[in-house]
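The structure appears right after this line, and notes come after that.
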Amino acid sequence: MTPTASQRLPAAERRDALVDTALRIFSEGSYRGTTTAEIARVAGVSEPILYRHFASKRDLYLACIDESWRRLRAAWEEAIELADSPADWLPSMGGAYVALKERKHLVAELWMQALVEAADDHEVRKFLRRHMRDVHGFVADIISRCQAAGVANPDRDSDAEAWIFIAVGLLGTMGRRMGGLLSEDDFAAIRESRRAWMVNG
């Protein structure tokens with residue numbers, strides 16, 4: 001339940017609640033089409049309260065991208081922890097990405113939205129470059145750990161393979177935005193093909 005204006009929250013909790021509300025509204029709408037007034041109204045606060053936490057709509061949007069990545073990373077870390085062996089890490093990460101309930105809230109969705117609607121904003125572009133490198137670094141590290149464990153071909157370039165892993169997520173985003181370009185079976189086949197490539201010499 002979204003807190004109302006009459007519910008006084010500590011600053012950190014208020015900020016988190018605003019990000020949660022904005023993440024939902026941005027992902028269901030668009031960056032350009034969403035206003036801070038709308039976000040404040042749904043969050044049950046005034047715009048001045050919102051601007052105490054975020055200097056601009058852009059700052060709030062970038063905070064949403066960070067939060068989306070935090071949630072995805074938590075899902076990936078849980079998938080890795082629950083996997084039977086390192087051999088299952090990458091397939092489990094791919095499966096966790098597809099299985100997330102709030103799929104419109106995925107970081108790749110927000111990346112795509114930002115690129116389409118705010119690519120002329122230097123600060124957004126700079127943020128996205130840094131952010132995508134962070135995600136890439138996480139995936140590349142998992143691939144390197146799989147190679148060290150002997151469950152992934154050591155001849156594969158972990159940096160290149162991490163970018164391909166991310167590209168598959170972006171492909172899924174494009175597919176959803178185009179109305180079902182690829183089915184769940186298609187993605188299962190892609191994941192299996194990538195698994196075979198990573199394992200076989």
Side-chain angles (χ1 to χ4, degrees), residues 1-79 93 96-141 162-163 165-167 169-177:
M1 179 177 175
T2 302
T4 65
S6 62
Q7 294 176 297
R8 296 187 180 277
L9 296 178
E13 290 184 31
R14 174 66 71 198
R15 186 184 189 281
D16 290 345
L18 286 167
V19 170
D20 191 59
T21 299
L23 180 57
R24 185 174 68 254
I25 293 174
F26 279 130
S27 62
E28 291 173 355
S30 67
Y31 176 74
R32 286 182 180 159
T34 297
T35 66
T36 53
E38 177 187 7
I39 294 168
R41 178 182 55 78
V42 175
V45 301
S46 65
E47 272 193 281
I49 293 291
L50 185 150
Y51 282 116
R52 287 182 192 174
H53 297 275
F54 302 96
S56 65
K57 181 173 78 168
R58 177 181 66 194
D59 287 351
L60 178 53
Y61 189 78
L62 300 184
C64 287
I65 294 177
D66 275 334
E67 174 61 16
S68 181
W69 166 227
R70 187 195 67 75
R71 294 179 186 185
L72 177 58
R73 179 170 180 156
W76 279 351
E77 289 173 339
E78 181 181 17
M93 286 168 62
Y97 185 90
V98 172
L100 282 174
K101 293 179 181 179
E102 296 179 334
R103 293 175 65 181
K104 285 186 178 181
H105 299 190
L106 289 172
V107 67
E109 296 276 354
L110 298 177
W111 284 348
M112 188 77 70
Q113 195 177 97
L115 288 171
V116 170
E117 300 184 45
D120 57 344
D121 187 318
H122 171 73
E123 290 302 316
V124 170
R125 292 199 309 273
K126 184 170 70 172
F127 177 90
L128 288 176
R129 285 195 296 271
R130 190 270 300 165
H131 201 269
M132 293 183 78
R133 288 189 188 109
D134 285 349
V135 177
H136 170 268
F138 178 88
V139 177
D141 178 65
W163 285 122
F165 186 95
I166 291 169
L170 288 168
L171 177 63
T173 297
M174 289 178 60
R176 283 189 291 278
R177 284 177 169 258

Measure the spacing between CG of D59 and NE2 of H53 and express it to the nearest 0.5 Å.
13.5 Å

How long is the span from the CG atom in L115 to the CG atom in D120, to the nearest 0.5 Å?
11.5 Å

Going by side-chain contact (heavy atoms from CB on, under 4.5 Å), name the residues that satisfy it together with T35, two or more places apart in sequence or in a different chain.
A37, E38

Rounded to the nearest 0.5 Å, what separation is found between the CG atom of L23 and the CG atom of L18?
12.5 Å

Donor-acceptor pair, distance only, cut-off 3.5 Å: does the side chain of T21 make one with the backbone of A17?
yes

Between E117 and Y61, is there a side-chain heavy-atom distance shorter than 4.5 Å?
no

Looking at every non-hydrogen atom in both residues, tell me the closest pair between W163 and M132 and how far apart they are.
CH2-O, 4.0 Å

Taken to the nearest 0.5 Å, the spacing of R52 CZ from R15 CZ works out to 15.5 Å

Approximate separation, where rounding is to 0.5 Å, of H136 NE2 and H131 NE2:
14.5 Å

Salt bridge between R70 and D66, side-chain N to carboxylate O under 4.0 Å?
no

What are the two closest non-hydrogen atoms of V45 and L50, and how far apart are they?
CG2-N, 4.5 Å

For residues A140 and A162, report the shortest heavy-atom separation together with the two atoms involved.
N-CB, 3.6 Å

Correct closest heavy-atom pair for T36 and K57 would be CG2-CB, 3.8 Å

Within a strict 4.5 Å, meaning less than it, do heavy atoms of the W69 and L110 side chains meet?
no

Heavy atoms from other residues, nucleotides or ligands near CZ of R125 exceed 12 (cutoff 6.0 Å):
yes

Over all heavy atoms of both residues, which pair between C64 and F26 is shortest? Give the atoms and the distance, please.
SG-CD1, 3.9 Å

Donor-acceptor pair, side chain of S27 and main chain of R24, under 3.5 angstrom:
yes

The reported gap from CD in E67 to CG in L62 (rounded to nearest 0.5 angstrom) is 13.5 Å

Would you say the side chain of F138 lies within less than 4.5 Å of the side chain of L72, judging by non-hydrogen atoms?
no

Over all atoms of both residues, closest heavy-atom pair of A75 and A96
O-CB, 4.2 Å

Distance-only, no hydrogens or angles: does the E123 side chain make a donor-acceptor pair with backbone N or O of R58 under 3.5 Å?
no

